[in-house]
Amino acid sequence: MTKEFDLATLLAERGAERYELHARHLNHQLPRMLHTIGFDKVYERAEGAHFWDADGNDYLDMLAGFAVMGLGRHHPVVRKALHDVLDASLPDLTRFDCAPLPGLLAEKLLSYSPHLDRVFFGNSGTEAVETALKFARYATGRQRILYCSHAFHGLTTGSLSVNGEDGFRKGFAPLLPDTAVPLGDLDALARELKKGDVAALIVEPVQGKGVHEAPPGYLLAAQELLHRHKALLIADEVQTGLGRTGKFYAYQHDDGVEPDLVCVAKALSGGYVPVGATLGRDWIFQKVYSSMDRVQVHSASFGSNAQAMAAGLAVLSVMENEEIVANAAAVGERLKSRLAELVDRYELLADVRGRGLMIGIEFGRPRSLKLRSRWTMLQTARKGLFAQMVVVPLLQRHRILTQVSGDHLEVIKLIPPLIIDTDDADRFVDAFTEVMEDAHKGGGLMWDFGKTLVKQAVANR
């Protein structure tokens, strides 16, 4: 007789095998990497901006699932919305009706960017970008997409074509016609636009890799240049949108910027049901869906499903009712200002930058001979090892989860849940200060771990 499926029993019986199962059946390098850096923790439960392990120890999450958990984990309003939509037994995804939830979520999303008119719902950030690329190319009749150096827009083939990291692109050519231009370089943008074949420029208002912000006035000037050459501006707000930078969208920090297409995802899910959205101008959608024959010319099997739409509506309701954007701005400013005060105190700390609760902490070459020799040892083996040396004690000693902001970068990126409070911010700063003190005093455990990372880096060459 077949046993009835019971999730709690399954987890109780097999949960301890988690790392072995991943090593055997999934990406085998993930458990290897986690074991190497000491991140192979076993978390038992989570709520808000915190995890707990089997011993009841509390961990502060400053990563938010790479910005997915904008409201933290298991927000009660989002949970209730999902229970409600499941209990309603809706006739979901019939494909030949117009369900109310997608229309309601589209209406609500568009209210935050009133210059846009229509929405396409997919299932992820990379799908949102793929949609924007397709729509821009079809609407303009041009093929080439411009993107900014060091950008990250996703890893499917189209979005990979506008990815500024060679490590992700290597081995996956040929990709779409594309050209990189430096973020903030209007002359480079103008030179490419004069060639007459550019469909759009896609840009993160604050780049996730390294946390580099578009210079003031750049987006507006780029928009004017693009429109003069009948090309489009695409704002990738997958990570920066929904309050992350202290505005609902990061492009809203510059007056007058009105992108033709906007991509969102991550936090819109509430951390439960994957969802991506591409917002755009009416004329672009009218061109793509120009007749009844083209009604399915771009679609997604699970796009607009009831669970995702309910989660999105609940997220936007919470953001308004709990003033999430204002909290991100206020707590982010406190966190950034306290960290910035440490730059003059610690010579290994080069810069603190960002907006709202998207903050980059960059490390740099120290002045003193003793620290400089150790820094050089790490840099010779592999750039980015010092940042990893900071990340590890933050977790091991202080139970704070962070991560570096990209491969070969000496930058830690803070993208915590937008619900963190000043106590959480102060907890991070106090812990970070202790780690920096140890580093500057030549703390044995930290630099010993650095030697381990060096050996691993050399072995991987």
Side-chain angles (χ1 to χ4, degrees), residues 30 33-34 37 39 60-70 125-126 147-155 159 162-169 180 182-184 203-214 236-241 244-246 250 265-267 328 332 335-336 339-340 342-343 346 348-365 375 378-379 382-395 400-418 420 425 428-429 431-432 435-436 439 450 453 457:
L30 176 61
M33 180 269 290
L34 294 172
I37 65 174
F39 270 46
L60 175 61
D61 179 17
M62 296 296 283
L63 191 60
F66 294 128
V68 168
M69 303 293 178
T126 197
Y147 64 96
C148 293
S149 305
H150 310 298
F152 183 93
H153 297 291
L155 296 175
S159 57
V162 290
N163 192 313
E165 172 54 60
D166 289 339
F168 288 118
R169 295 165 65 100
L183 180 68
V203 61
E204 301 157 279
V206 183
Q207 290 187 331
K209 182 177 180 180
V211 192
H212 293 289
E213 187 177 356
D236 181 347
E237 296 269 5
V238 169
Q239 187 166 121
T240 55
R244 170 62 57 190
T245 67
K266 289 188 181 287
L335 182 58
K336 181 182 170 184
L339 288 169
L342 303 178
V343 173
Y346 299 113
L348 283 162
L349 186 56
D351 190 26
V352 175
R353 57 179 176 266
R355 280 189 182 271
L357 285 172
M358 186 172 182
I359 297 171
I361 303 172
E362 183 169 5
F363 306 100
R365 187 172 184 265
W375 173 268
L378 295 174
Q379 297 296 298
R382 192 177 195 276
K383 188 176 180 180
L385 290 187
F386 182 81
Q388 195 65 61
M389 278 174 52
V390 175
V391 161
V392 170
L394 281 172
L395 182 69
I400 298 175
L401 180 63
T402 59
Q403 196 46 266
V404 296
S405 75
D407 202 18
H408 299 285
L409 286 183
E410 296 290 4
V411 181
I412 294 174
K413 180 169 63 177
L414 305 182
I415 42 173
L418 306 181
I420 67 166
F428 175 83
V429 176
F432 180 77
V435 172
M436 294 306 293
L453 290 179

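Atoms considered below: every heavy atom in the structure, side chains included; atoms not considered: hydrogens, waters and symmetry mates.
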Reported CZ-to-CG distance for the pair F168 and L155, which is rounded to 0.5 angstrom: 5.5 Å

Of all heavy-atom pairs linking A350 and V343, the shortest is O-CG1, 3.9 Å

Hey, are the side chains of I361 and L349 touching, using non-hydrogen atoms and a 4.5 Å cut-off? yes

Check the pair F432 / I400 against side-chain contact (heavy atoms from CB on, under 4.5 Å), numbers first and verdict last. CA-CA 10 Å; F432 180 77; I400 298 175; over 6 Å; no

Where does the angle between the aromatic ring planes of W375 and F386 fall among parallel (under 30°), tilted (30 to 60°) and perpendicular (over 60°)? tilted

Is the shortest distance from a Lys or Arg side-chain nitrogen in E213 or R353 to a carboxylate oxygen in the other one below 4.0 Å? no

Residues which pass side-chain hydrogen bond (donor to acceptor under 3.5 Å, both in side chains) with T245, listed by chain and number, not counting sequence neighbours: H253

Which residues pass the side-chain hydrogen bond (donor to acceptor under 3.5 Å, both in side chains) test with N163, not counting sequence neighbours? none

Between the side chain of K266 and the main-chain N/O of G125, is any donor-acceptor distance below 3.5 Å? no

Which heavy atom in A64 sits nearest to a heavy atom in P416, and how many Å separate them? CB-C, 3.7 Å

Would I37 and Q388 count as a side-chain contact (heavy atoms from CB on, under 4.5 Å) here? Give the steps. CA-CA 8 Å; I37 65 174; Q388 195 65 61; 3.8 Å; yes

Testing the basics here: between A439 and L348, what is the closest heavy-atom pair and its distance to 0.1 Å? CB-CD1, 4.1 Å

What are the two closest heavy atoms between P393 and M389, and how far apart are they? CD-O, 2.6 Å

Of Q379, K383, R365, which is the lone residue that meets side-chain hydrogen bond (donor to acceptor under 3.5 Å, both in side chains) with E410? Q379

Can you tell me how far apart CD (Q207) and CG (L183) are? Round to the nearest 0.5 Å. 4.5 Å

Go through the steps for L357 and M62 under the test side-chain contact (heavy atoms from CB on, under 4.5 Å), then give the verdict. CA-CA 10 Å; L357 285 172; M62 296 296 283; over 6 Å; no

Stepwise, does the side-chain contact (heavy atoms from CB on, under 4.5 Å) test hold for F152 with Q239? CA-CA 10 Å; F152 183 93; Q239 187 166 121; over 6 Å; no

Would you say that more than 12 heavy atoms from the other residues, nucleotides or ligands in this model lie under 6.0 Å from the NE2 of H212, or not? yes

Among I415, L335, I412, V211, exactly one meets side-chain contact (heavy atoms from CB on, under 4.5 Å) together with I359. Which residue is that? L335

Heavy-atom nearest pair, K413 first then S405, reads CB-CB, 3.5 Å

E204: partners by side-chain hydrogen bond (donor to acceptor under 3.5 Å, both in side chains), with sequence neighbours left out: none

Nearest heavy-atom approach of G154 to S159 is C-OG, 3.2 Å

Can you find a pair of side-chain heavy atoms, one from D407 and one from R382, that are under 4.5 Å apart? yes

Counting N and O atoms only, with roles assigned by atom type, does the side chain of K336 sit under 3.5 Å from a partner on the main chain of G354, one being a donor and the other an acceptor? yes

Output yes when a side-chain donor or acceptor of E237 lies under 3.5 Å from a complementary backbone atom of P205, and no otherwise. no

